[in-house]
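Just below is one structure, and these are the notes that go with it.
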Amino acid sequence: MAALRSFLIIICFVVVAATSMMPTSAKLSSGFYNKVCPQALPAIRKVVKRAISHEPRIGASLLRLHFHDCFVNGCDGSVLLDDTANFIGEKTAFPNLNSIRGFNVIDDIKKAVDKACYKSVVSCADILAVAARDSVSILGGPDYEVQLGRRDARNASVNDANRNLPPPFFSFSQLLSNFQAHGLNLKDLVVLSAAHTIGLARCTSFRARIYNDTNIDPKFAASAKYNCPTTGGDNNTRPLDSTTRRFDNVYFKALLQQKGLLHSDQELYKNNGTDSDKLVLKYSRNSESFAKDFADSMIKMGNIKPLTGNNGEVRLNCRKIN
């Protein structure tokens, strides 16, 4: 019996040891870097604040990078990878080409945070999530707690980006299906679309709306046509709402007036009593409710299929795998 007990003890020890060595799927937590590098988050915010003071538009660009990262195979920093001999990355996908920007700021953040931590412990995926939050906060939006502990992907796919990122010409049903495919719901769709309360849009993304859509304010359309002709001027820009340097609920008020710049934005409000209409009305009237729900949905989006534990890596350079 003594020999049997010893054998069982050994077996149990081996099982426990083996389990402890398996790749974990640890949950994200807001205090992930508290012990290993408490200076990490202040270092990130300092660079973001400096970048926004130099160019306010960059706040919207950093927020958009996080969106476009999470919607393609999860929040794993894959959007930052340059092409290699083994894969074509996401930067040249149709929704990203000549559109997403801010990569130099991410490079600056990575250098600053690695210096503050004396080593590379903060993932590029986490940098994107924190930079997005800081951008929102600095421009007047909610200062929510970011869940951390993501690791970085070792590959990227242009095809996956083309399949997963919703283009500005999507209908409401297409938008909702796209969000639901990522585990998000109607409220997430409406409130996260209000990321368009900051930043600019290129003519090529709203030309079809201002020339073809009928649910658009005529004066607003005429004004937009001034620097967005039927041909040419693809890269001319226009503010997504009238307070493009401040994160607020003016985006929703514009939808009520049929002044959504993108077709996909105006699809959220058609004045026919839908649940989407009701949410737009709610947020247009209650900025506190908008801020709270936006923060909640950002946290939810940031939890889309993160790599954790021993999966992925912490990149030394956000543009390439180690």
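Keep in mind that this is a model prediction, so the values were computed, not measured.
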Give a yes or no answer on whether the side chain of Ser177 reaches the backbone of Ser173 with a donor-acceptor pair at less than 3.5 Å.
yes

Verify the distance criterion only: is there a donor paired with an acceptor across the side chains of Arg45 and Ser137 at less than 3.5 Å?
yes

Starting from the C-alpha separation in whole Å, work towards a yes-or-no answer on side-chain contact (heavy atoms from CB on, under 4.5 Å) for Ser276 and Phe172.
CA-CA 9 Å; Ser276 179; Phe172 174 78; 3.8 Å; yes

Under 3.5 Å, is there a donor-acceptor pair between the side chain of Arg154 and the main chain of Gly312?
yes

Taking the inter-plane angle between the rings of Phe94 and Phe169 on a 0 to 90° scale, is it parallel (under 30°), tilted (30 to 60°) or perpendicular (over 60°)?
tilted

Would you mind reporting whether Phe206 and Pro168 have side-chain heavy atoms less than 4.5 Å apart?
no

For the pair Glu55 and Arg101, find out whether any cationic side-chain nitrogen is under 4.0 Å from an anionic carboxylate oxygen.
yes

Distance only, no hydrogens: is a donor on one side chain within 3.5 Å (strictly under) of an acceptor on the other, for Thr244 and Arg57?
no

Closest heavy-atom contact between Ala161 and Ala93?
CB-CB, 3.5 Å

Could you tell me whether Lys187 and Asp296 make a salt bridge, using a distance below 4.0 angstrom between a side-chain N and a carboxylate O?
no

Just checking, any donor-acceptor pair under 3.5 angstrom between side chains of Ser78 and Asp76?
yes

Apply salt bridge (charged side-chain N to carboxylate O under 4.0 Å, His left out) to residues Glu313 and Arg151 and explain how you reach the verdict.
CA-CA 5 Å; Glu313 64 183 12; Arg151 287 168 66 85; over 6 Å; no

Show the nearest heavy-atom pair for residues Val130 and Leu41, with the distance to one decimal.
CG1-CG, 4.3 Å

Side chains of Tyr251 and Asn249: is there a donor and an acceptor less than 3.5 Å apart?
no

Just by distance, do the side chain of Arg315 and the backbone of Cys318 share a donor-acceptor pair under 3.5 Å?
yes

Quick one: do Asp114 and Lys119 satisfy salt bridge (charged side-chain N to carboxylate O under 4.0 Å, His left out)? Show the steps, please.
CA-CA 5 Å; Asp114 284 359; Lys119 55 184 176 180; over 6 Å; no

For the residue pair Tyr33 / Asp126, report whether a side-chain donor-acceptor contact shorter than 3.5 Å exists.
yes

State, yes or no, whether a side-chain contact exists between Glu90 and Asp160 at a heavy-atom distance under 4.5 Å.
no

Are any of the side-chain nitrogens in Lys300 or Asp188 under 4.0 Å away from the carboxylate oxygens of its partner?
yes

Are Phe247 and Phe294 close enough, and set up right, to give a ring pair (Phe, Tyr, Trp, His ring centres under 6.0 Å), and what steps lead you there?
CA-CA 11 Å; Phe247 195 96; Phe294 184 85; 4.8 Å; yes

Check whether Ser284 reaches the backbone of Leu281 with its side chain - one donor and one acceptor, N or O, closer than 3.5 Å.
yes

Asn227 side chain to Thr237 main-chain N or O, any donor-acceptor pair under 3.5 Å?
yes

Set of residues satisfying side chain to side chain contact (heavy atoms under 4.5 Å, CB included) with respect to Gln180, sequence neighbours excluded
Leu176

Lys259 with Asp241: basic N within carboxylate O range, under 4.0 Å:
no

Test side chain to side chain donor-acceptor pair (under 3.5 Å) applied to Asp143 - qualifying residues, sequence neighbours left out
none

Taking it one step at a time, do Asp83 and Lys91 satisfy salt bridge (charged side-chain N to carboxylate O under 4.0 Å, His left out)?
CA-CA 8 Å; Asp83 296 348; Lys91 292 180 179 179; over 6 Å; no

Looking at Val314, is its backbone amide N or carbonyl O close enough to the side chain of Asn322 to form a donor-acceptor pair, meaning the two atoms are under 3.5 Å apart?
yes

Per the side-chain hydrogen bond (donor to acceptor under 3.5 Å, both in side chains) rule, which among Asn212, Thr230, Asp234, Asn236 passes with Arg207?
Asp234

Donor-acceptor contact below 3.5 Å, side chain Glu267 vs main chain Phe170
no

